[in-house]
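As structure tokens, the structure follows; a few thoughts come after it.
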2 protein chains.
Amino acid sequence: MLRLSKLTDYATVILSFMARDNTQLHAAMEIASATGIALPTVSKILKLLVNAKLLISTRGAKGGYALARAPEKISIAAVISVLEGPIALTECSISHQGCEQASGCDIRDSWSLINQTIHNALEALTLADMIKPVQLQNPAWKQEILIPIASLYR
Amino acid sequence: MLRLSKLTDYATVILSFMARDNTQLHAAMEIASATGIALPTVSKILKLLVNAKLLISTRGAKGGYALARAPEKISIAAVISVLEGPIALTECSISHQGCEQASGCDIRDSWSLINQTIHNALEALTLADMIKPVQLQNPAWKQEILIPIASLYR
DNA sequence: TGATTGTGTACTATTCTAGTCCTATTTAAA
DNA sequence: TTTAAATAGGACTAGAATAGTACACAATCA
């Protein structure tokens, strides 16, 4: 599996929950019971999101968390970056050092293109999109979603 | 990082090497020294690729491995699937059971759409594309690669 | 002042990954 | 017929990463 960690998955669940009611503060406890994720785990994720400036926290009694921006302005790519680091499939896409392949690793450029594609896809999708019901019945999306990536090489 | 395992990375390197000279058999030993990957590891990966029918093996003296199909017919998605299992970002995209979120997990459909996008991107790219030199100088690709995924929700 | 709520850090158990090794089987060549 | 070369299959281990927990501390409000 092209795996995303569980924590990232939780983060999207938590943020989606908050995006649905963006007018008030949500305490960690409230989020935990609403989402079914254990409180310590929720707390851990919220802290990371605050550090990444995706959330704003208010301490003390009646405190809690709120989105730092409108849901339309928070991309899924940003959420993933917080929990997983840079979005890249292979190690050498991040750091070009340490690749000790004897023969020329000519496929690095190909990978970077693939990474770019995926990154763009995730960048275009926002929290606001996540909480809208999707019409999977719409047959148009199948064509629309195809990416002519192979053609880039010709 | 949206991580792909090292083994998957190695597999693409190995397959690229083989695709460059698809006319003869390559022994595991030869591939190991050409790519700089340790022999036991190469061997392990080759076995997996044979089981997945991406390679054909010939036993005995003068034996070795060869691509089962032309490089144009081997997609990167297929390679990734062999080493990582189904291409999906979240657990629930594979099995819809065991998701114990208390409140409705409405974002599952969104994830499946994202997964589909990424899968299509990887499906469109083949081994043949990987061994071609990429012209990153071409400024056109930046526009071309944008995916109107957000628009799908409107 | 005390209750509530977030902050920061450290810790641990578990799972996953990467890599190694060994033995059996098959085939070609001597 | 024997031997060497090569793949096949499985078991195993060390190390790293992940997920989850715990606790002391800081801030705010009533």
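Lettering of chains follows the sequences in order, A, B, ..., and the numbering in each one begins at 1. The figures here come from the full heavy-atom set of this structure, side chains too, leaving out hydrogens, waters and symmetry mates. Predicted model only: the values in this text are computed from it and were never measured.
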Q: Nearest whole angstrom, please: distance from the P of dT21(D) to the CG of Leu39(A).
A: 10 Å

Q: For residues Ser5(B) and Thr8(B), determine if any side-chain heavy atom of one lies less than 4.5 Å from a side-chain heavy atom of the other.
A: yes

Show the atom names and distances, to 0.1 Å, of all donor-acceptor pairs under 3.5 Å that link a side chain in residues 44-68 of chain A to residues at least two apart or in another chain.
none

Q. Nearest-Å distance, NZ (Lys47(B)) to P (dG10(D))?
A. 10 Å

Q: Would you mind reading off the distance between Leu49(B) atom CG and dG9(D) atom P, rounded to a whole angstrom?
A: 13 Å

Q: Can you tell me the distance, in whole Å, between the CG atom of Leu46(B) and the P atom of dG9(D)?
A: 13 Å

Q | Straight-line distance of Leu83(A) CG to Leu7(A) CG, nearest 0.5 Å | A | 6.5 Å

Q: Quickly work out the Leu55(B) CG to dT7(D) P distance and round it to whole Å.
A: 11 Å

Q: Spell out yes or no: do the side chain of Lys44(B) and the base of dG19(C) have one donor N/O and one acceptor N/O closer than 3.5 Å?
A: yes

Q | Pair Thr126(B), Glu72(B): side-chain N/O donor-acceptor within cut-off below 3.5 Å | A | no

Q. Can a side chain N or O of Tyr10(A) be found less than 4.0 Å away from OP1 or OP2 on dT18(D)?
A. no

Q: Under 4.0 Å between any heavy atoms, over every strand shown, what does Leu7(B) touch: base, sugar-phosphate, or nothing? Just pick one.
A: sugar-phosphate

Q) OP1 or OP2 of dA8(D) sitting under 4.0 Å from any side-chain N/O of Ser57(B)? A) yes

Q: Please report, rounded to the nearest Å, how far the P atom of dG20(D) is from the CD1 atom of Ile45(A).
A: 8 Å

Q. OG1/Thr35(A) to CG/Leu15(A) distance, rounded to the nearest 0.5 angstrom?
A. 11.0 Å

Can you tabulate the close N/O pairs, meaning under 3.5 Å, that link protein atoms to atoms of nucleotides 28-30 of chain D?
from: dT28(D); atom 1: O2; to: Ala61(A); atom 2: N; distance (Å): 3.2

(Q) Looking at Ser43(A), I'd like to know whether one of its side-chain N or O atoms comes within less than 4.0 Å of OP1 or OP2 on dT7(C). (A) no

**Q.** Evaluation steps, side chain to side chain contact (heavy atoms under 4.5 Å, CB included), between Ile14(A) and His26(A)
**A.** CA-CA 10 Å; Ile14(A) 290 172; His26(A) 298 279; over 6 Å; no

(Q) In the structure I gave you, are the side-chain heavy atoms of Leu127(B) and Ser16(B) within less than 4.5 Å of one another anywhere? (A) yes

Q | Separation of dA3(C) P from Met29(A) CE (nearest whole Å) | A | 18 Å

Q) Does OP1 or OP2 of dT7(C) have a side-chain N or O of Asn51(A) closer than 4.0 Å? A) no

(Q) Rounded to whole Å, please give me the gap between CD1 in Ile37(A) and P in dT21(D). (A) 12 Å

